[in-house]
Protein chains: 2
Amino acid sequence: MTSSRRPLLVHPPVADLRLVAVLNALADPTRLTIVATLRDGGERPCGTFPVSVAPSTLTHHFRVLREAGVIRQREQGKQRWTDLRLEDLDARFPGLLDAILASAPEGLAVGRR
Amino acid sequence: MTSSRRPLLVHPPVADLRLVAVLNALADPTRLTIVATLRDGGERPCGTFPVSVAPSTLTHHFRVLREAGVIRQREQGKQRWTDLRLEDLDARFPGLLDAILASAPEGLAVGRR
DNA sequence: CCTTCCTTTCGACGATCGTCGTACGATGGT
DNA sequence: ACCATCGTACGACGATCGTCGAAAGGAAGG
């Protein structure tokens, strides 16, 4: 069978998205880099993001983004694919992500803080 | 003379505004309430904000907002007037504050966290 | 001068954050 | 089977955060 998905990834429904949580999720250089990378390149596996932090740290950032409703994650084989919840975000907070990402692409401190 | 201004309020120039700092400043219910109140009512003294935190806590939040470049403060007599740096923010991060405040006005947790 | 009002500064406190290393789990190929 | 790969879970660590109370300071008015 193709069904497994152990961790049972939790994604909050659109109605539950909270502005403060989204802003807090985006108020970090590493997480902003993740989001900007997804905006530019679309869905991709966890290990392919241009950030230089430990894998466990990356997992932590993904959880913050996922629980805030900014990203969506699905499992396929060995790797976990991550994508932006663009439509959902825009339905709940119109123009927010666009405005943020329009100012974000340059000068992102990717490395360690 | 009318010049005194003991604390020498520091306001970062437009070019120095950092997106992460702005998002971080806005990622707090109390500070978001402050900003939304300013947007609705314009400039006002510190003590007139509908937030229920201790005065010293309020001062702390004002400093975070001021150093992020979100608000401007000036002294007049006994009280300190606070205002939004709307034009500056919009020049540096076009549409950002509008998008945030458009989603902010309702359901702000004003009280203690 | 003295008092009152408005706000700040200075610790202090518990809570949360970002980071890491280690260990574990699940998948897919050899 | 075995093993390499990808990502997570679990502490743990120092740093920062939001909160407060107590004390201080400047401004305006008696």
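Bear in mind that the values here come from a model prediction, so they are computed numbers and not experimental data. In the text below, chain A, chain B and the rest are named by the order of the sequence lines, each starting its count at 1.
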Quick one: [X] [atom1] to [N] [atom2], roughly how many Å, whole number?
| X | N | atom1 | atom2 | value |
| --- | --- | --- | --- | --- |
| B:Leu9 | C:dT7 | CG | P | 12 Å |
| B:Glu67 | D:dG18 | CD | P | 12 Å |
| B:Leu65 | D:dG18 | CG | P | 10 Å |
| A:Gln73 | D:dG7 | CD | P | 10 Å |
| B:Asn24 | C:dC17 | CG | P | 12 Å |
| B:Arg74 | C:dC6 | CZ | P | 17 Å |
| A:Glu75 | C:dG28 | CD | P | 11 Å |
| B:Arg63 | C:dT8 | CZ | C1' | 9 Å |

5' priority, DNA chain C, between B:Arg66 and A:His61 [closest heavy atom]: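 By nearest-heavy-atom nucleotide position, the 5'-most residue is B:Arg66.
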query: How do A:Gln76 and A:His60 order along DNA chain C: which one's closest nucleotide is nearer the 5' end?
result: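 Here A:His60 is the residue nearer the 5' end.
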(Q) Taking donor-acceptor contacts at under 3.5 Å, does the side chain of A:Ser56 reach the base of D:dG7? (A)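 No, the side chain and the base share no sub-3.5 Å donor-acceptor pair.
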* To do: Kindly give the heavy-atom pair with the smallest separation between B:Leu23 and A:Leu26, and that separation in Å.
  =>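 Between these two residues, the closest heavy atoms are CD1-O, 3.5 Å.
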If you take all heavy atoms of A:Phe93 and A:Val22, which pair is closest and at what distance?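 Heavy atoms only, the tightest pair is CE1-CG2, 3.8 Å.
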OP1 or OP2 of D:dT19 under 4.0 Å from side-chain N/O of B:Thr57 |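 False: B:Thr57 side-chain N/O out of range (4.0 Å or more) of D:dT19 OP1/OP2.
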### Task
Determine: side-chain N/O of B:Arg80 to OP1/OP2 of C:dC6, distance under 4.0 Å, yes or no.
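No, outside the criterion.
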Margin query: Between A:Thr37 and A:Pro50, is there a side-chain heavy-atom distance shorter than 4.5 Å?
Written below: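 Answer yes - side chains close enough.
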**Prompt:** With the threshold set at 4.0 Å, does a side-chain nitrogen-carboxylate oxygen contact exist between B:Arg72 and B:Glu43?
**Reply:**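 Result for this pair is no, no salt bridge flagged.
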Apply side-chain contact (heavy atoms from CB on, under 4.5 Å) to B:Thr57 and list each qualifying residue two or more places apart in sequence or on a separate chain.
->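 With neighbours one apart ignored, the set is B:Val53, B:Ala54, B:His61.
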What nucleotide, of [options], holds the atom closest to the side chain of [X]?
| X | options | result |
| --- | --- | --- |
| B:Gln79 | D:dT8, C:dC6, D:dG18 | C:dC6 |
| A:Lys78 | D:dT5, D:dT8, C:dC6 | D:dT5 |
| A:Val53 | C:dC20, D:dG7, C:dT8 | C:dC20 |

- Message: Using C1' atoms of five pairs at each end, report the bend of the helix from C:dC1-D:dG30 to C:dT30-D:dA1 rounded to 10 degrees.
- Response: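 Comparing the first five pairs with the last five, the axes sit 10° apart.
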Worksheet entry | In one Ile/Leu/Val/Met/Phe/Trp/Tyr side-chain cluster, 4.5 Å: A:Leu32, B:Leu89 |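 Yes, one cluster joins them.
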When you measure from the side chain of B:Thr48 to the backbone N and O of B:Arg44, does any donor-acceptor pair fall under 3.5 Å?
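No; zero donor-acceptor contacts below 3.5 Å.
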